Amino acid sequence: MLFMYVVLFVVFIFILDHLLVNKRNLELSKQFNGPLRLPLIGGSYKFVGVSAKDMFGFVQNMFATYSTQKRNIVQIWVGPALELFVDDYKIIEAITTNPKCIAKSSQYSFLHAAVGDGLLFSKGQKWFNRRRIITPTFHFKILEQFFDVFQKQNSKLIEKIKTETNGHPFNIFPVITSSVLNALVETAMGFELKAKDSEYLNAVKEIGVVVATRFVQPWQRLDFLFNLTSSKRKQDELVKILKNFTTKIIEERRKLLMTKKSEDLKNLDDEDFGLRKKMCLLDVLLQSTIDGKPLSNEDIQEEVDTFTFAGHDTTTNAICFTLHMIAKHPEVQQRLNKEIEEVLGDEKLTFKSLSEFKYLELVIKETLRMYPPAPVISRRLYEEVDFGDFIAPANANYNIALFSAFRNPNVFENPDEFIPERFLKELPAFAFIPFSAGQRNCIGQKFAMTSIKTNIINILRQFTVIPSGKEPEIEMHITLKCDSLLVGFQKK
Ligand code: HEM
Ligand SMILES: *[C@@H]1O[C@H](CO)[C@@H](O)[C@H](O)[C@H]1NC(C)=O
Ligand SMILES: *[C@@H]1O[C@H](CO)[C@@H](O)[C@H](O)[C@H]1NC(C)=O
């Protein structure tokens with residue numbers, strides 16, 4: 001009798017698997033190497049014992065175990081869904097430049113509750129329309145106007161560092177992240193933060209853990225199961241805090257605009273209105289129309305949530321790790337000091353002079369290579385694409401492991417060493433794309449570089465940065481994650 005039940009159960013599993021798995025993907029997946037697919041669970045057993053902390057290791061391990069001589073594409077079935085991992089710059093080029101590959105992967109929906117379907121996640125016509133109206137607000141000329149705000153926030157930051165330090169190394173994340181967030185909100189949202197931001201910042205951090213855990217515990221990827229977990233209840237609490245923070249920003253700015261003259265409030269849906277009127281992101285969202293209709297409150301909220309989220313954590317990581325690397329390499333610090341002396345002398349830093357800091361640019365690039373703030377980006381194809389070398393299956397997620405691509409020893413000699421000068425040589429296209437590339441590249445790239453450069457120059461003019469001797473422990477959640485990065489500051 002028992003035997004009968006076992007047989008029936010096994011038959012049932014196979015039938016269910018047969019119904020759920022896409023036959024075409026099954027066939028195409030044979031082009032790539034990967035863990036053995038079991039009925040129904042696929043290769044999910046690979047995630048057993050893996051926690052959010054181990055994500056870097058997990059991806060590295062997948063490449064190490066399953067890459068073939070021919071190519072670095074690894075496939076894994078997560079339940080009945082196909083996922084691919086890639087880190088080869090030629091494939092990265094093929095994906096990022098193909099107009100059929102511009103939708104984001106289904107895992108990004110884990111963040112839906114937190115930031116909605118804003119520019120980072122949306123697709124199709126919605127993404128296209130939004131990108132068109134938002135792009136002018138990140139134009140060079142607009143950034144130039146923001147420069148005073150960056151400078152003001154930097155002065156505040158330097159005061160804080162002075163009170164924190166007497167040369168002893170301390171964790172720089174809290175002060176930098178707060179400074180970056182304040183500058184972002186005051187520039188892009190036109191709103192000066194008065195209230196404390198620590199609750200918001202902490203909530204962003206914790207949401208990262210919730211999302212990363214869903215990635216490594218495949219059963220949590222199913223909404224109906226995730227909804228039963230304590231993580232879900234925690235997420236609900238965190239989302240309330242996030243929304244509370246951004247709603248207030250929108251309300252305040254709206255009030256301010258209401259009191260402005262009516263001539264500023266005309267409908268403005270012309271290509272470069274952001275530029276002409278010199279409006280910040282939030283003003284454009286509040287005042288523009290798409291197909292004759294103004295954006296709804298939810299539309300505006302999801303973009304403000306998205307930009308606040310996408311902009312502050314990435315930039316903070318970049319600044320903190322750059323300081324860490326400068327502290328660790330005294331010869332680099334010396335060269336930077338020399339560059340500052342040569343470009344500025346005793347003059348004040350200006351927006352125009354930022355472009356003259358060529359060596360600093362190499363240092364930032366090399367830091368972004370070793371510690372990319374967005375270590376993995378991800379796409380989903382909705383139709384099959386023939387890349388020549390192989391046929392890319394539709395309805396599969398493509399995880400592009402930038403952190404692994406940036407340490408490819410065939411492109412970057414001694415990839416684990418910090419050598420800023422390596423960027424003086426020409427690299428293969430798409431071998432180094434910390435801000436992604438193609439149509440879905442980072443809209444905040446210039447903003448970020450301006451912020452990073454300004455911070456580093458201002459700090460180095462005041463302090464000598466000193467290494468702590470402790471290597472940071474890095475993890476990957478949504479972005480690069482590091483709880484503590486110790487750097488010492490000696491007043492000059
Ligand atoms: C060092 C800092 C930064 C890095 C390394 C970075 C990196 C990236 C990457 C890799 C993407 C592509 C994501 C994907 O394909 O899923 C992206 C997209 C995006 N980034 Fe950044 N970013 C940075 C700073 C910023 C800043 C300062 C802002 C806003 C002020 C911003 C806003 C966005 C937005 C809105 C997108 C989505 C663009 C679209 O799909 O049209 N980022 N970023
Ligand atoms: C999970 O919960 C969210 C709201 O908290 C709800 O919108 C969604 O429909 C639920 N999903 C399932 C499959 O129960
Ligand atoms: C939202 O913010 C207001 C103050 O701005 C506060 O009184 C309220 O408790 C907050 N709500 C949540 C859920 O944090």
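Start at 1 and go down the list; that is how both ligands and their atoms are numbered. Scope of the values below: all heavy atoms of this structure, side chains included, with no hydrogens, waters or symmetry mates. On a predicted model such as this, the values are computed, not experimentally measured, just so you know.
The ligand atoms of ligand 1 that sit less than 4.0 angstrom from a heavy atom of Pro373 are 5 (C). Close approach to Leu184 involves these atoms of ligand 1, each under 4.0 Å from a residue heavy atom: 30 (C). The contact set between ligand 1 and Tyr108, taken as ligand atoms under 4.0 Å from a residue heavy atom, comprises 14 (C), 16 (O). Near Phe138, meaning under 4.0 Å from any of its heavy atoms, are these atoms of ligand 1: 30 (C). Listed by number with element, the atoms of ligand 1 under 4.0 angstrom from any heavy atom of Asn441 are 38 (C). Of all atoms in ligand 2, listed by their number and element, those nearer than 4.0 Å to a heavy atom of Phe224 are 13 (C). Heavy-atom proximity to Phe447, at under 4.0 Å, picks out these atoms of ligand 1: 27 (C). The contact set between ligand 1 and Phe307, taken as ligand atoms under 4.0 Å from a residue heavy atom, comprises 29 (C), 35 (C).
Between Phe423 and Phe412, the ring planes lie tilted relative to each other; the angle falls in the 30° to 60° range. Using a 30° and 60° split on the angle between ring planes, His324 and Tyr371 fall in the perpendicular class, above 60°.
Using a 4.5 Å heavy-atom threshold, the side chains of Glu475 and Cys482 count as separate. With a 4.5 Å cut-off on side-chain heavy atoms, Ile459 and Leu157 count as touching. Looking at Ile443 and Leu119, their side chains come closer than 4.5 Å, going by heavy atoms from C-beta outward.
Closest heavy-atom approach to atom 23 (C) of ligand 1 among the candidates Thr314, Ile364, Val376: Thr314. Comparing Ser436, Ala188, Ala318 against atom 11 (C) of ligand 1, the shortest heavy-atom distance belongs to Ser436. Between the choices Arg131, Glu303, Arg440, the shortest heavy-atom distance to atom 41 (O) of ligand 1 belongs to Arg131.
Counting only heavy atoms of the protein, atom 1 (C) of ligand 2 lies nearest to Asn227 ND2, 1.5 Å. Nearest protein neighbour of atom 14 (C) of ligand 1, counting heavy atoms only, is Lys104 NZ, 3.2 Å. Of all protein heavy atoms, the one closest to atom 6 (C) of ligand 1 is Phe435 CD2, 3.6 Å. The protein heavy atom nearest to atom 28 (C) of ligand 1 is Gly311 CA, 3.5 Å. From the protein, the heavy atom lying nearest to atom 32 (C) of ligand 1 is Ala310 CB, 3.8 Å. Here the protein heavy atom with the shortest distance to atom 20 (N) of ligand 1 is Cys442 SG, 3.2 Å. Regarding atom 10 (C) of ligand 1, its nearest protein heavy-atom neighbour is Pro434 O, 3.4 Å. Among all protein heavy atoms, the one lying closest to atom 34 (C) of ligand 1 is Ile443 CG2, 3.8 Å. The protein atom (non-hydrogen) at minimum distance from atom 4 (C) of ligand 2 is Lys232 NZ, 3.9 Å. In terms of protein heavy-atom proximity, atom 36 (C) of ligand 1 is nearest to Leu120 CD1, 3.7 Å.
With no hydrogens or angles considered, no side-chain donor-acceptor pair links Thr314 and Asn317 at under 3.5 Å. Side chains of Asn441 and Ser436: no donor on one and acceptor on the other come within 3.5 Å.
Taking the charged nitrogens against the carboxylate oxygens, Arg369 and Glu366 do have a contact shorter than 4.0 Å, which makes a salt bridge. Ion pair Glu192/Lys152 flagged as a salt bridge, since at least one NZ, NE, NH1 or NH2 atom sits closer than 4.0 Å to an Asp/Glu carboxylate oxygen.
Checking only distances, Trp127 does come within under 3.5 Å of ligand 1, N or O to N or O.
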